[in-house]
A.B. asks: 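Got a structure for you, written out below as structure tokens; questions coming shortly.
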Amino acid sequence: MPELPEAETIVRDLRARLPGSTVARVRVKHPDILHTGLTPTVLDRRLRGRTFTGVARRGKNVVLELDAGLRIVINLGMTGRVVTSDAVRAGELRHIAVRIELSDGRAVLYDDARRFGDVDLRDEPGWAERDAQLGVEPLSDAFTAELLHALTRTSISPIRNWLLDQRRVAGVGNIYALEALFRAGVRPTRRARTLTRRETAALRDELRAVLQESIDARGTTISDYRDASGEPGNFDRRLRVYDRAGEPCTHCGTEIRRVVLSNRSAFYCRRCQK
DNA sequence: AACGCGCCCTGTCCGC
DNA sequence: TGCGGACAGGGCGCGT
């Protein structure tokens, strides 16, 4: 579910609620969402008494920062939510996998119906390792047209698949990859290395635009995404191709097509996208 | 080495 | 109303 804009929205909400609070204890209901090697006992023991100092985002990951350089790294998978207990009604969350109880009586809750998410705990060097696995932040100054062009030269993958690989560009998922490709006039099936300089420049610009516009709208809610305040996002009304198979293209009226790439749907306008 | 596929798991929707 | 199948915003591990 959540891509960069949804993670960013959650991070901004938590940033207003979490720093300064101290962990009392941690309860894990579904240990299968813990990162490989991490156990409920270790998580509880290492977090007790630690104080939250900040909240950050890296790609699609929500990063809860604590003193002593500790970080809780949360990948939301398809249905993950991170909220503080004071922001939701009792009973609203039906799949709480991890509950981080705070000394002020509140709790940080990780809820995940499908349990595709991942909760990890990292010290400073451990975080550096994870950070290094992720590609460039698309909203950063480092994400230039030059860089995107250079990175795509060696790949024969369809550009949609290429964009989903978090080791290259961090934070782009299926929705925003397809929306950016539509705006840039590039078909999702095009092999990455065949994009012209003009096309990679347009794709870079449109990716940044669509991600920023979605952040401004507090993300996209298809069905169950909610931000850390429990509110749905508003960007779904602005989607031009995602999940619009059979509907007319907003630009030319041609029916939007659906194709399957690597077992995941891709949507495009065959007239507007070359 | 890079790539695509199957799979992880639960919920929802659609056709019969 | 019930049931089976398809599908879902992600990403890992595997075989090629």
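Note that the structure is predicted; figures quoted are calculated from it, not measured. A, B, ... follow the sequence lines: proteins, then strands. Residue 1 opens every chain.
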A.B. asks: Rounding to an integer number of Å, can you tell me how far A:D118 CG sits from B:dC9 C1'?
C.D. replies: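 From A:D118 CG to B:dC9 C1': 15 Å.
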
A.B. asks: Rounded to whole Å, please give me the gap between CG in A:N263 and P in B:dC9.
C.D. replies: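 Taking CG of A:N263 and P of B:dC9, I get 17 Å after rounding.
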
A.B. asks: Across the strands shown, which category fits A:D32 at heavy-atom distances under 4.0 angstrom: base, sugar-phosphate, nothing?
C.D. replies: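 No contact at all - A:D32 keeps every heavy atom at 4.0 Å or more from the nucleic acid.
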
A.B. asks: Between A:R193 and A:S155, does the side-chain hydrogen bond (donor to acceptor under 3.5 Å, both in side chains) criterion hold? Intermediate values first, please.
C.D. replies: CA-CA 5 Å; A:R193 71 180 179 198; A:S155 174; over 6 Å; no

A.B. asks: Please state the P separation for the pair B:dG6 and C:dA6 - nearest whole angstrom.
C.D. replies: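 13 Å, rounded to whole Å.
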
A.B. asks: Starting the side chain at C-beta, find the nucleotide from C:dA8, C:dG9, B:dG6 nearest to A:R258.
C.D. replies: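 Nearest to the side-chain atoms of A:R258, counting from C-beta on, is C:dA8.
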
A.B. asks: Just to be sure I understand the geometry, which residues of residues 187-197 of chain A put a non-hydrogen atom under 4.0 Å away from DNA chain B?
C.D. replies: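 Residues of residues 187-197 of chain A that come under 4.0 Å of DNA chain B do not exist, since none gets that close.
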
A.B. asks: Closest heavy-atom contact between A:L121 and A:R46?
C.D. replies: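 Shortest heavy-atom contact: CD2-CB, 3.8 Å.
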
A.B. asks: May I ask you to verify if any side-chain N or O of A:T220 is less than 4.0 angstrom from the OP1 or OP2 atom of C:dG9?
C.D. replies: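 The answer is no; no side-chain N or O of A:T220 sits under 4.0 Å from OP1 or OP2.
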
A.B. asks: Quick one: pull up OG1 in A:T9 and CG in A:D216 and give me the separation to the nearest 0.5 Å.
C.D. replies: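 If we round to the nearest 0.5 Å, A:T9:OG1 and A:D216:CG are 9.0 Å apart.
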
A.B. asks: OP1, OP2 of C:dA8 versus side-chain N and O of A:S265: anything below 4.0 Å?
C.D. replies: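 For A:S265, the contact criterion (side-chain N or O under 4.0 Å from OP1 or OP2 of C:dA8) is met.
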
A.B. asks: Taking the side chain as every heavy atom from C-beta outward, state whether A:F143 and A:L207 have any pair of such atoms under 4.5 Å apart.
C.D. replies: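 Contact flag for A:F143/A:L207 side chains = yes.
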
A.B. asks: Of the nucleotides B:dC3, C:dG9, B:dG6, which has the atom closest to the A:S157 side chain?
C.D. replies: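 The nucleotide sitting nearest to the side chain is B:dC3.
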
A.B. asks: Could you walk me through whether A:E146 and A:R197 pass the salt bridge (Lys or Arg N to Asp or Glu O under 4.0 Å) test, one step at a time?
C.D. replies: CA-CA 8 Å; A:E146 276 300 310; A:R197 201 164 276 281; 2.8 Å; yes

A.B. asks: Taking the minimum atom-to-atom distance to the side chain of A:N174, which one of B:dT10, C:dG11, C:dG9 wins?
C.D. replies: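 Nucleotide nearest to A:N174's side chain: C:dG9.
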
A.B. asks: Should A:S262 be listed as having a side-chain N or O under 4.0 Å from OP1 or OP2 of B:dC3?
C.D. replies: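 For B:dC3, neither OP1 nor OP2 has a side-chain N or O of A:S262 closer than 4.0 Å.
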
A.B. asks: Would you mind reading off the distance between A:D165 atom CG and C:dG9 atom C1', rounded to a whole angstrom?
C.D. replies: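 Result: 17 Å.
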
A.B. asks: Is B:dC9 paired to anything, Watson-Crick or G-U wobble with both distances less than 3.5 Å, and if yes, which nucleotide?
C.D. replies: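 Pairing partner, where one exists within any strand: none, as none qualifies.
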
A.B. asks: Taking NZ, NE, NH1 and NH2 as the nitrogens, is one of them in A:D120 or A:R122 under 4.0 Å from a carboxylate oxygen of the other?
C.D. replies: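 The answer is yes: the pair qualifies as a salt bridge.
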
A.B. asks: Against A:R58, only a single residue in A:E137, A:E8, A:E65 fulfils salt bridge (charged side-chain N to carboxylate O under 4.0 Å, His left out); can you say which?
C.D. replies: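 Only one of A:E137, A:E8, A:E65 forms a salt bridge (charged side-chain N to carboxylate O under 4.0 Å, His left out) with A:R58, namely A:E137.
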
A.B. asks: Using the C1' atom as the reference point in each nucleotide, state the distance between C:dC12 and B:dG11 in Å, no decimals.
C.D. replies: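 It works out to 22 Å between them.
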
A.B. asks: Measure CZ/A:R160 against P/B:dC5 and give the value in whole Å, please.
C.D. replies: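 So the two atoms are 10 Å apart, to the nearest Å.
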
A.B. asks: Which nucleotide in the set B:dC3, B:dT10, C:dG11 lies at the smallest distance from any side-chain heavy atom of A:N75?
C.D. replies: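 Of B:dC3, B:dT10, C:dG11, C:dG11 is nearest to the side chain of A:N75.
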
A.B. asks: Could you give the CD-to-P distance, from A:E3 to C:dA8, as a whole number of Å?
C.D. replies: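 Rounded to the whole Å, the gap is 13 Å.
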
A.B. asks: Any side-chain N or O of A:H95 under 4.0 Å from OP1/OP2 of B:dG11?
C.D. replies: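 Result: yes.
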
A.B. asks: I want to check one thing: is the phosphate of C:dA8, taken as OP1 and OP2, less than 4.0 Å away from some side-chain N or O of A:R264?
C.D. replies: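 No, because none of the side-chain N or O atoms of A:R264 sits under 4.0 Å from OP1 or OP2 of C:dA8.
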
A.B. asks: Please report the distance, rounded to the nearest Å, between NE2 in A:H35 and C1' in C:dG10.
C.D. replies: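 Result: 15 Å.
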
A.B. asks: Nearest whole Å is fine: how far is C:dG11 P from A:I74 CD1?
C.D. replies: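 In whole Å, C:dG11 P lies 14 Å from A:I74 CD1.
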
A.B. asks: Confirm from the modelled atom types if A:R114 and C:dA8 form a donor-acceptor pair under 3.5 Å, side chain to base only.
C.D. replies: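 It does, because a donor-acceptor pair links the side chain of A:R114 to the base of C:dA8 below 3.5 Å.
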
A.B. asks: Nearest-Å distance, CD (A:Q133) to P (C:dG11)?
C.D. replies: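 It is 13 Å, rounded to the nearest whole Å.
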
A.B. asks: Please confirm whether the shortest side-chain N or O distance from A:S155 to OP1 or OP2 of B:dC3 is below 4.0 Å.
C.D. replies: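 Looking at the OP1 and OP2 atoms of B:dC3, one of them is under 4.0 Å from a side-chain N or O of A:S155.
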
A.B. asks: Using distance alone, with no hydrogens and no angle criterion, decide if A:T53 and A:D67 have a side-chain donor and acceptor under 3.5 Å apart.
C.D. replies: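 Result is no, nothing qualifies.
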
A.B. asks: Any side-chain N or O of A:N161 under 4.0 Å from OP1/OP2 of B:dG4?
C.D. replies: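 For B:dG4, OP1 or OP2 has a side-chain N or O of A:N161 closer than 4.0 Å.
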
A.B. asks: Base, sugar-phosphate alone, or nothing: which one does A:Y242 contact when heavy atoms must sit under 4.0 Å apart?
C.D. replies: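 A:Y242: backbone/sugar contact only, no base atoms under 4.0 Å.
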
A.B. asks: Using the P atom on both, measure B:dC5 against C:dC7 and round to a whole Å.
C.D. replies: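 Those two atoms are separated by 15 Å.
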
A.B. asks: Just wondering, do A:V73 and A:W127 contact through their side chains at under 4.5 Å, heavy atoms?
C.D. replies: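 In contact.
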
A.B. asks: Starting the side chain at C-beta, find the nucleotide from C:dA8, B:dC5, C:dG10 nearest to A:K60.
C.D. replies: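 In terms of side-chain proximity for A:K60, the closest of C:dA8, B:dC5, C:dG10 is C:dG10.
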
A.B. asks: Under 4.0 angstrom, heavy atoms only, what part of the nucleic acid is A:L261 near: base, sugar-phosphate, or nothing?
C.D. replies: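 Here A:L261 touches no strand at all.
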
A.B. asks: So what does A:R94 hit on the nucleic acid, given a heavy-atom distance under 4.0 Å: a base, only sugar-phosphate, or nothing?
C.D. replies: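 No contact at all - A:R94 keeps every heavy atom at 4.0 Å or more from the nucleic acid.
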
A.B. asks: Stacking between A:F116 and the base of B:dC8 (centre distance under 5.5 Å, interplanar angle under 30°)?
C.D. replies: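 Given the distance and angle limits, yes, they stack.
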
